Amino acid sequence: MLDRYFRISERGSTPGREIRGGLATFFTMAYILVLNPIILGSAEDKFGHRLDTVQLTTATALVAAVMTVVMGIGGNLPLALAAGLGLNAVVAFQIAPLMSWDDAMGLIVVEGLLICVLVVTGLREAVMRAIPQPLKQAISVGIGLFIAFIGFVDAGFVSRIPDAANTTVPVQLGGSGTLTGWPILVFCLGVLLTVGLLARKVKGAILISIVTMTLVAIVINSVADIKSWGLTTPEWPDKVVGTPDFGLLGHFSLFGAFGQTSAITVVLLVFTLILSDFFDTMGTVVGITAEAGLLDEEGRVPHLGRVLLIDGAAAVAGGAASASSATSYIESAAGVGEGARTGFANLVTGGLFGLALFLTPLLTIVPLQAAAPALVAVGFLMMTQVKHIDWDRYDIAVPAFLTIAVMPFTYSITNGIGAGFLAYVVIKTVLGRAREVHWLLWAASALFLVYFAIDPIEQVLGVK
């Protein structure tokens with residue numbers, strides 16, 4: 001019955017390959033159980049509140065387990081889902097400081113609902129066509145640099161120089177211009193271990209590095225006198241198995257954000273979330289399906305509408321559970337490489353995420369210095385898209401450069417996308433090729449123009 005439903009034999013696979021592929025996918029992407037709570041848990045909302053790490057771990061595992069299984073059964077593709085890196089950075093460092101956590105997660109739910117509407121109406125592909133491919137690639141590269149920068153800062157490898165220093169240099173190496181302390185050593189060794197494993201193409205390289213360096217940190221913490229590890233001290237817990245804490249589930253407000261910041265800001269934040277989710281998902285779905293040899297003769301993904309709808313529903317589920325937007329994972333390629341060809345592999349991956357619900361005490365001992373190398377590694381992987389941009393064409397290269405540079409330099413993904421869009425529209429107009437710009441891109445650029453000029457606009461209108 002399973003063979004008929006999942007078409008295992010028809011796709012040239014076996015139950016053994018599917019199980020092996022499901023295991024490979026889980027161990028390749030299980031790092032999100034550590035990173036998502038660290039990224040979301042390290043930020044404060046507008047009112048100074050932080051999300052509980054244990055509750056975040058539970059929410060992250062639950063959403064990944066449920067939506068991965070749903071994708072397997074409904075989409076029949078070896079495509080796992082979990083909280084998206086990059087998207088969670090937007091929520092933590094860009095949205096939360098403007099409103100409460102409930103309001104921020106409400107925006108994620110709204111984003112997911114809008115994606116579902118766009119899928120049903122067919123507008124999702126129209127929007128995809130409106131954005132030039134080089135800008136899509138530049139957005140991915142910019143987010144990669146932003147994530148890597150967050151990793152360096154979280155680990156203490158880079159720190160902000162206090163304004164009292166009277167210097168024009170905004171950041172420095174370590175806390176005083178030099179690298180000092182055991183925690184920084186753990187981070188540096190973690191980076192070297194991670195990139196070494198990636199270079200050797202070891203499956204589960206990121207997870208292996210996190211586990212290894214956490215164990216090293218626990219040993220160091222037990223024998224050395226360390227002043228502080230930051231948010232998480234690597235100490236072996238009293239118990240390994242614990243009861244899941246579902247305290248964050250349902251804590252979201254759909255329209256609360258409008259009472260905390262301007263309507264135009266809310267619209268642009270939702271637009272940024274949709275944009276990021278769009279391109280990550282489309283690229284991942286097509287890439288994984290192609291690698292599995294499942295594209296039809298016209299290069300189409302089987303049941304694409306259903307797959308995209310489930311992905312949109314995953315964003316809704318992530319926001320409703322306060323785990324940030326969930327999306328399809330490119331790490332699913334590890335499972336495909338092990339032979340997975342059907343959604344049966346997702347039952348294995350999802351089942352393991354479900355098991356992780358009861359291992360929260362073990363997952364919350366990972367210090368930032370052991371997890372941050374993964375952010376640097378993911379940043380590198382996203383950076384590789386830069387090779388596809390034509391740097392000899394100024395109408396492409398300048399907007400792409402601004403998109404990539406503005407994101408980490410302003411600590412804002414929205415600013416980077418806006419700078420790239422505006423530059424693209426202006427340069428095309430200057431070159432007399434304004435007609436090449438899709439009207440949807442004109443509309444988005446107009447919104448970004450208002451976004452960047454919101455202060456003088458508010459003064460003119462007498463809003464403040």
Side-chain angles (χ1 to χ4, degrees), residues 31-44 48 50-51 53 56-57 85-86 88-89 92-94 96-97 143-196 206-236 363-380 382-383 407-412:
Y31 63 84
I32 194 61
L33 295 173
V34 176
L35 288 187
N36 195 49
I38 284 179
I39 291 175
L40 293 177
S42 64
E44 293 183 351
R50 291 181 184 269
L51 296 178
T53 302
L56 281 171
T57 303
L85 281 173
N88 55 8
F93 304 108
Q94 193 167 334
I143 292 175
L145 285 178
F146 182 46
I147 289 174
F149 187 44
I150 291 172
F152 285 124
V153 172
D154 283 353
F157 187 86
V158 170
S159 66
R160 178 177 175 272
I161 297 177
D163 294 336
N166 295 320
T167 175
T168 57
V169 181
V171 293
Q172 64 186 356
L173 186 67
S176 59
T178 59
L179 297 179
T180 57
W182 288 102
I184 295 297
L185 177 63
V186 170
F187 169 74
C188 294
L189 293 177
V191 170
L192 295 176
L193 176 61
T194 305
V195 298
I206 292 176
L207 182 63
I208 291 172
S209 173
I210 291 176
V211 172
T212 302
M213 296 318 299
T214 298
L215 294 174
V216 171
I218 291 174
V219 173
I220 291 175
N221 187 67
S222 65
V223 299
D225 182 17
I226 298 175
K227 188 175 182 179
S228 173
W229 286 87
L231 292 174
T232 305
T233 301
E235 296 176 333
W236 194 258
L363 296 171
T364 53
I365 66 171
V366 181
L368 284 168
Q369 292 79 7
L375 296 176
V376 177
V378 171
F380 158 71
M382 297 180 75
M383 179 73 186
M407 283 189 194
F409 290 162
T410 66
Y411 222 62
S412 168

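Just so you know, residue 1 is the first one in the sequence shown, and it goes up from there. Please read all numbers here as calculations on a predicted model, not as lab measurements.
- The shortest heavy-atom contact between L207 and Y31 is CD1-N, 4.1 Å.
- In this pair, Y411 and F93 present their aromatic rings perpendicular. The plane angle is above 60°, beyond the 30 to 60° band.
- Summarising the geometry of P37 relative to L56, their closest heavy-atom pair is O-CD1, 3.6 Å, with the distance given to 0.1 Å.
- Taking each heavy atom of F146 and M407 in turn, the nearest pair found is CD1-O, 4.0 Å.
- Using cut-offs of 30° and 60° on the angle between ring planes, the pair F157 and F152 is tilted.
- Using a distance-only test at 3.5 Å, with no hydrogens or angles considered, a donor-acceptor pair links the side chain of T212 to the main chain of I208.
- A heavy-atom distance below 4.5 Å is not found between the side chains of D154 and F187.
- Tested against P234 for a side-chain contact (heavy atoms from CB on, under 4.5 Å), the candidates V366, I218, V219 yield a single pass: I218.
- Of the possible donor and acceptor atoms, one in the side chain of S159 sits under 3.5 Å from a partner among the backbone N and O of G174.
- Between G48 and E44, the shortest heavy-atom contact is CA-OE1, 3.8 Å.
- Summarising the geometry of A371 relative to I210, their closest heavy-atom pair is CA-CG1, 4.3 Å, with the distance given to 0.1 Å.
- Once rounded to the nearest 0.5 Å, the distance linking CD of Q369 with OG1 of T214 reads 10.0 Å.
- Side-chain atoms of R50 come within 3.5 Å of backbone atoms of G41 as a donor-acceptor pair (strictly under, hydrogens ignored).
- Contact detail for C188 and L179: the closest heavy-atom pair is SG-CD1, 4.2 Å.
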Open item on the list: The test is side chain to side chain contact (heavy atoms under 4.5 Å, CB included); show your working for L375 and L85 and say whether it passes.
Closed with: CA-CA 9 Å; L375 296 176; L85 281 173; 4.2 Å; yes
